[in-house]
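Beneath this line is the structure, given in structure tokens, with notes to follow.
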Amino acid sequence: MTEMLRVLFVDDEAHILRGLRRSMTSMGDEWDMTFCASGAEALALMQREAAFDVVVSDMRMPAMDGAEFLGIVRQRHPETIRVILSGYADVESILRTVGPAHIYLAKPCDAETLHKAISRPIALKRLLSTPSLRAVLAGLNNLPSLPDVVLKVGEELRSPQCSAKSLAALIDKDVAMTAELLRLTNSAYFSVASPVTTTLQAVRTIGLETIQALVLQIGIFRQFSGNPAVAPLLENLTGYCLATANLAEAIAASMGADQATAKATHCAAMLSRIGILVLLDAYPDTYTEILAMIGTDMSLHAAEQQVFGANHALIGAYLLGLWGFSPPLVEAVAFAATPSTGLDHDNTMLTALHAATSLSLPLASVFSPEIQVQNRLDMAYLIEARRDGLISSWRELAQKLSGEKT
């Protein structure tokens with residue numbers, strides 16, 4: 001039997017808490033729910049009792065607002081998933097909650113929306129077997145970016161000639177920046193009609209003024225400050241992700257995907273290795289040792305699983321699910337290397353990303369050029385998905401794009 005989820009709701013208005021209690025009645029079999037009227041009361045309760053899995057807080061509260069409350073929760077209980085409910089889509093609210101909150105939801109929020117927002121990351125979180133790793137992921141503030149790119153983005157934002165196109169071109173050069181920007185743009189604060197999957201879309205949706213405040217005042221992009229020897233690995237990883245994303249998008253289009261799905265596939269591929277960023281940032285020495293372990297006898301996934309209890313694909317999928325990216329995109333990131341273990345065989349993004357990662361440059365050689373590792377297509381999956389007849393055309397696409405790059 002699945003253990004009940006402990007969820008803490010915080011709102012200073014009694015009638016709101018009563019409404020939440022009524023609307024969430026149907027979750028009584030799955031969630032053990034507690035309701036508090038202030039951040040101070042909630043913090044005292046969390047100090048006395050066993051850890052809560054999720055905290056859902058209103059933004060506007062007297063004495064201690066939602067941003068301040070969740071900031072303290074992040075410090076004291078980093079493994080807790082933090083959700084903010086706000087009826088105010090103003091820039092100030094966005095700036096103050098962009099760090100403390102994992103999930104942004106607009107008020108009024110119905111029970112089904114809240115359930116979906118929480119259930120996706122919880123399902124993936126339970127697959128991460130190492131408690132210390134779960135704490136690192138849940139306590140993550142933002143992903144590390146290349147120092148040179150962070151500097152150039154700051155300079156561009158200060159330039160009178162800065163445009164959406166020029167800024168997006170710079171952000172495209174860094175996986176972490178791309179992830180952070182798309183995460184925020186797709187949150188409930190901006191109420192976008194359809195998922196935003198490119199940095200240019202994101203910049204145009206948020207606007208240069210808001211991005212300027214996020215970058216120059218709040219520091220949404222954090223430059224990597226660890227071992228200097230790791231920086232080239234981050235740069236190589238970004239180049240690899242971009243090449244894979246271009247191929248994955250082309251493969252999705254060759255399968256008859258519409259433009260929105262093809263662009264979402266590009267996004268999935270670009271973000272598919274953010275789990276590596278997390279591990280390199282949190283465990284730089286250990287991860288460089290892992291890179292030395294991989295080769296013909298052990299894959300990178302297997303080495304990560306052995307040391308951390310989870311591989312980078314699952315870590316990345318957990319983060320993307322936590323941040324509210326679409327389930328098909330999250331599934332593609334989680335199972336790209338082993339699609340047969342996925343939930344179904346009708347996910348175009350998963351098929352395209354698997355094909356792209358299998359037909360492009362091996363990831364291991366990005367970190368250690370001397371390693372000779374063969375990527376492998378999951379033929380059982382492709383046959384069941386009835387896509388095995390497209391492999392030769394995919395190989396031609398891979399060769400063509402590789403030739404264009406060189």
Shortest non-hydrogen contact from [X] toward [Y]:
X    : Y    : answer
G316 : V333 : C-CG1, 4.2 Å
I171 : T178 : O-OG1, 3.3 Å
V10  : G39  : CG1-N, 3.9 Å
A179 : I274 : CB-CG2, 4.3 Å
P339 : A336 : CD-O, 3.7 Å
L17  : D11  : CD1-O, 3.4 Å

From [X] [atom1] over to [Y] [atom2], what is the distance, rounded to the nearest 0.5 angstrom?
X    : Y    : atom1 : atom2 : answer
L85  : L105 : CG    : CG    : 5.5 Å
M59  : M61  : CE    : CE    : 9.0 Å
T357 : R273 : OG1   : CZ    : 6.0 Å
F224 : L146 : CZ    : CG    : 9.5 Å
M270 : T265 : CE    : OG1   : 14.5 Å
I211 : I206 : CD1   : CD1   : 5.0 Å

Do [X] and [Y] have side-chain heavy atoms sitting under 4.5 Å apart?
X    : Y    : answer
I16  : D58  : no
E30  : M4   : no
T198 : C267 : no
L350 : P328 : no
M64  : I72  : yes
L377 : R395 : yes

Examine the side chains of [X] and [Y] and answer whether a donor and an acceptor come within less than 3.5 Å of each other.
X    : Y    : result
N246 : H266 : yes
E156 : S166 : yes
S145 : D174 : yes
T338 : Y381 : no

Hey, does the side chain of [X] reach the backbone of [Y] with a donor-acceptor pair shorter than 3.5 angstrom?
X    : Y    : result
H354 : D378 : yes
S272 : A269 : yes
R387 : I383 : no
T286 : Y283 : no
T244 : Y240 : yes
R82  : P100 : yes
Q47  : L43  : no
Q201 : V196 : no
T80  : F52  : yes
T210 : G207 : no

Any salt bridge linking [X] with [Y]? Criterion: basic side-chain nitrogen under 4.0 Å from a carboxylate oxygen.
X    : Y    : answer
R6   : D32  : yes
K116 : E112 : yes
E180 : R222 : no

_V278 vs Y287, side-chain contact (heavy atoms from CB on, under 4.5 Å): CA-CA, chis, key distance, verdict_ = CA-CA 10 Å; V278 173; Y287 202 78; over 6 Å; no
_Full working for side-chain hydrogen bond (donor to acceptor under 3.5 Å, both in side chains) between S38 and D12_ = CA-CA 5 Å; S38 71; D12 66 300; over 6 Å; no
*So D65 and R60, side-chain contact (heavy atoms from CB on, under 4.5 Å) or not? Walk me through it.*
CA-CA 5 Å; D65 68 11; R60 295 293 179 95; 6.0 Å; no
*Given V203 and L181, is the side-chain contact (heavy atoms from CB on, under 4.5 Å) satisfied, shown in steps?*
CA-CA 8 Å; V203 173; L181 185 59; 3.9 Å; yes
*asked:* Under the rule for side chain to side chain contact (heavy atoms under 4.5 Å, CB included), what residues qualify as partners of T348, not counting sequence neighbours?
replied: A252, M255, A257, T261
*Apply the test side-chain contact (heavy atoms from CB on, under 4.5 Å) to residues D281 and L143: give CA-CA distance (whole Å), side-chain angles for both, the deciding distance (0.1 Å), then the verdict.*
CA-CA 8 Å; D281 189 41; L143 299 167; over 6 Å; no
